[in-house]
Student: 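The following block contains the structure, expressed as structure tokens.
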Amino acid sequence: MSEIMGLKAKLGLDVFKHDKEPHIKIKPGMEKDPRLKRAVLVCPAGLYEENQDGEVELTIDGCLECGTCRIACGTEVLEWYYPTGGAGVQFRFG
Amino acid sequence: MEEKFDAIVVGAGLAGLGAAYTLAQEGLEVLLLERGDYPGSKNVTGGRIYLNPIRDLFPDLWKKAPFERHITQEGVSVMAGQRSLNISYRGEELEAEPYQSYSILRAKFDRWISKQAERKGVMLVSRSRVDDLIIENGRVEGVYAGGDELRSHVVIACDGVLSLMAEKAGLRKPGSAGQYGVGFKEIIELDSALINERFGLEGDEGAARLFMGEVTRGKFGGGFLYTNKDSISLGVVVGIKDLMEGPAAVQAPVLLDDFKQRPEIARLIKGGETVEYSAHVIPEGGLRALTKLSGDGILVAGDAAGFSMNIGVTVRGMEYALASGYYAAQAVIQAKAREDFSAAGLASYEAMLGDSFVMQDFKNFSEAPEALENHRIYSYYPELIGNVMRDMYSVPAGSKAKLFPTVKKYLGTGELWAMFKDMRKVMKI
């Protein structure tokens with residue numbers, strides 16, 4: 001069996017350029033919204049986690065800008081923009 | 001008097017590049033805005049591009065384009081939990097020029113096309129995110145980007161699958177999960193000679209394989225593998241609705257990790273080094289999920305309009321992107337000749353698309369999304385096929401059962417009837 005590369009290590013292979021502000025934010029008061037919990041399953045970068053209090057937390061570093069969370073959770077729970085020009089992931093292969 | 005472009009194209013993916021290239025070729029003034037560091041830096045494909053439908057739209061592009069490999073070997077794998085059935089196809093038509101399809105990597109491919117577009121006169125500005133549309137009296141008059149107000153006769157929204165531009169123009173609402181899939185993949189570097197040896201290829205020949213069944217744990221979707229020059233694109237596509245609702249809740253990244261561990265896959269990528277991980281949403285809703293394609297002063301092309309299609313054996317998007325960009329440009333060229341950039345003046349876009357392979361494909365395959373929604377395709381049949389194969393090939397210590405009864409024991413009357421019904425749905429594709 002080949003060893004499984006952790007998600008963090010995988011994301012570490014990508015080129016990311018820092019943005020001043022996170023381009024996706026959980027809307028205040030929506031942390032426990034059931035729609036937000038979908039993001040925990042669907043995010044290919046595993047950036048959404050549910051904490052002990054049942055609140056979903058988002059770490060924006062490593063975002064692949066795929067758009068899945070916007071479609072799965074919707075804009076009532078997420079404030080969703082693309083990063084500013086020149087920021088965010090820069091694929092070298094794609 | 002401030003500068004006013006004939007067209008501002010939002011997004012330098014293949015739709016935007018196709019549009020900008022075509023406009024500049026006819027001498028129109030076109031500004032192409034790309035939020036990434038360079039065209040292709042935000043784009044992801046499986047992926048391969050099929051050239052036949054678009055060859056004549058961009059006759060000068062293909063000779064020197066940075067393709068990876070031309071695909072000479074097609075494969076489908078039906079994966080059960082512990083076994084798989086593989087079908088491999090080769091044909092002389094796949095080995096003859098002009099080649100039907102090529103594997104590509106978007107960061108290289110799009111960037112190269114953008115250079116050709118700039119040579120034609122396209123003004124490309126990278127690292128520029130469009131924040132909003134300028135809408136005056138219900139008409140799109142340009143865009144706001146990074147604090148600048150940029151005006152044009154027409155805006156062509158090629159801003160990808162979420163198309164915030166089309167939303168702002170009121171041409172679409174945010175997408176619903178049932179109409180989209182998410183693809184995620186690794187680029188795994190591997191020596192080209194080793195790739196040729198493992199896949200039975202020579203020179204720049206390439207292989208393409210699709211996988212269905214266990215790879216998505218019964219959810220709508222599948223796995224894919226494409227050989228590039230000296231790397232392998234390996235990934236998974238899953239329907240977002242299935243992924244978020246279950247059954248069998250699983251985090252998306254786990255599917256790809258498990259896929260890589262399958263013995264069928266592990267031996268193909270052994271010794272390879274993952275060098276990039278990427279992901280992207282894919283429109284999969286077909287004809288019914290297309291957005292409105294035009295408004296006053298705005299056209300929508302590529303993934304932004306929903307032009308991507310999964311019919312099981314092929315998954316295509318890039319040809320539709322390039323072609324819809326091309327026809328959007330043609331519509332703008334005609335609108336300029338008549339000096340009418342209203343919705344009516346731009347209506348030729350839909351007419352031209354309607355006559356082209358793009359809309360004809362979407363009409364021909366309008367039943368595909370529904371037919372492919374059948375979950376039995378992704379779990380029940382792969383297991384069944386695996387079990388039939390196991391029993392057919394197994395030679396036990398004692399005597400072997402007759403072949404027909406071996407197969408027949410899986411196929412009771414109720415089962416055959418269910419299969420017949422499933423088959424009728426699939427036959428609509």
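Per chain, numbering begins at 1; letters A, B, ... match sequence-line order. Small disclaimer: the values here were computed from a predicted structure and weren't measured.
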Student: State, with a plain yes or no, whether a side-chain heavy atom of B/V237 is found less than 4.5 Å away from one of B/V315.
Tutor: no
Student: In terms of heavy-atom proximity below 4.5 Å to chain B, should A/A87 be classed as side chain, backbone, both, or neither?
Tutor: backbone
Student: Hey, are the side chains of B/T216 and B/D242 touching, using non-hydrogen atoms and a 4.5 Å cut-off?
Tutor: no
Student: Parallel, tilted or perpendicular: which one describes the rings of B/F184 and B/Y277, with boundaries at 30° and 60°?
Tutor: perpendicular
Student: Name the member of B/L256, B/V275, B/T45 that forms the most heavy-atom pairs with chain A at distances under 4.5 Å.
Tutor: B/V275
Student: With a 4.5 angstrom heavy-atom cut-off, which part of B/E273 approaches chain A: side chain, backbone, both or neither?
Tutor: neither
Student: With respect to chain B, which residue among A/L64, A/L41, A/L13 yields the maximal number of heavy-atom pairs within a distance under 4.5 Å?
Tutor: A/L41
Student: Can you say whether B/E189 sits under 4.5 Å from chain A via the side chain, the backbone, both, or neither, judging by heavy atoms?
Tutor: side chain
Student: Is B/D159 close to chain A through its backbone or its side chain, or both, or neither, when contacts mean heavy atoms under 4.5 Å?
Tutor: backbone
Student: Using non-hydrogen atoms only, which part of B/E186 is less than 4.5 Å away from chain A: side chain, backbone, both, or neither?
Tutor: side chain
Student: Which answer fits A/R70, side chain, backbone, both or neither, if we ask what part of it has an atom under 4.5 Å from a heavy atom of chain B?
Tutor: side chain
Student: Name the region of B/V250, side chain, backbone, both or neither, that has any atom closer than 4.5 Å to a heavy atom of chain A.
Tutor: backbone
Student: Between A/C43 and chain B, which part of the residue has a heavy atom less than 4.5 Å away: side chain, backbone, both or neither?
Tutor: backbone
Student: Can you check whether B/R127 reaches A/K17 side chain to side chain, under 4.5 Å on heavy atoms?
Tutor: yes
Student: Given heavy-atom pairs under 4.5 angstrom as the criterion, report whether the side chain, backbone, both or neither of A/V40 touches chain B.
Tutor: both
Student: Given side chains that start at C-beta, do those of B/V254 and B/R217 come closer than 4.5 Å, heavy atoms only?
Tutor: yes
Student: Can you tell me which of A/A45, A/C73, A/G74, A/P44 forms the most heavy-atom pairs within a distance under 4.5 Å of chain B?
Tutor: A/P44
Student: Taking B/N228's backbone N and O only, do any of them form a donor-acceptor pair with B/S231's side chain (distance below 3.5 Å, no angle check)?
Tutor: no
Student: Quick one, A/L78 and A/L36 - any side-chain contact, counting heavy atoms below 4.5 Å?
Tutor: yes
Student: Given that the side chain runs from C-beta out, which part of A/I71 has a heavy atom under 4.5 Å from chain B: side chain, backbone, both or neither?
Tutor: both
Student: Please flag which part of B/L164 lies under 4.5 Å from any non-hydrogen atom of chain A: side chain, backbone, both or neither.
Tutor: side chain
Student: Which atoms of B/S176 are under 4.5 Å from chain A, going by heavy atoms: the side chain, the backbone, both sets, or neither?
Tutor: backbone
Student: Evaluate the criterion side-chain contact (heavy atoms from CB on, under 4.5 Å) for residue pair B/V182 and A/V42; output intermediate values, then yes/no.
Tutor: CA-CA 8 Å; B/V182 54; A/V42 302; 5.7 Å; no
Student: Under a 4.5 Å heavy-atom cut-off, does chain A meet the side chain of B/K185, its backbone, both or neither?
Tutor: side chain
Student: Between chain A and each of B/D37, B/V44, B/V161, B/L105, count heavy-atom pairs under 4.5 Å; write down the option with the most.
Tutor: B/D37
Student: Taking the six-membered ring of A/Y82, is the NZ or CZ of B/R35 close enough (under 6.0 Å from the centre) and on axis enough (within 45°)?
Tutor: yes
Student: In terms of heavy-atom pairs under 4.5 Å with chain B, which of A/V15, A/T75, A/T84, A/L11 leads?
Tutor: A/T84
Student: So for B/L243, is it side chain, backbone, both, or neither that comes closer than 4.5 Å to the heavy atoms of chain A?
Tutor: both
Student: Tell me, side chain or backbone of A/K37 under 4.5 Å from chain B's heavy atoms, or both, or neither?
Tutor: neither
Student: Could you tell me the separation between the OH atom of B/Y226 and the CZ atom of B/R69, rounded to the nearest 0.5 Å?
Tutor: 15.0 Å
Student: Quick one: does any side-chain atom of B/R267 pair with a main-chain N or O of B/P263 as donor and acceptor, under 3.5 Å?
Tutor: yes
Student: Within the 4.5 Å heavy-atom criterion, are B/K260 and B/T274 side-chain neighbours or not?
Tutor: yes
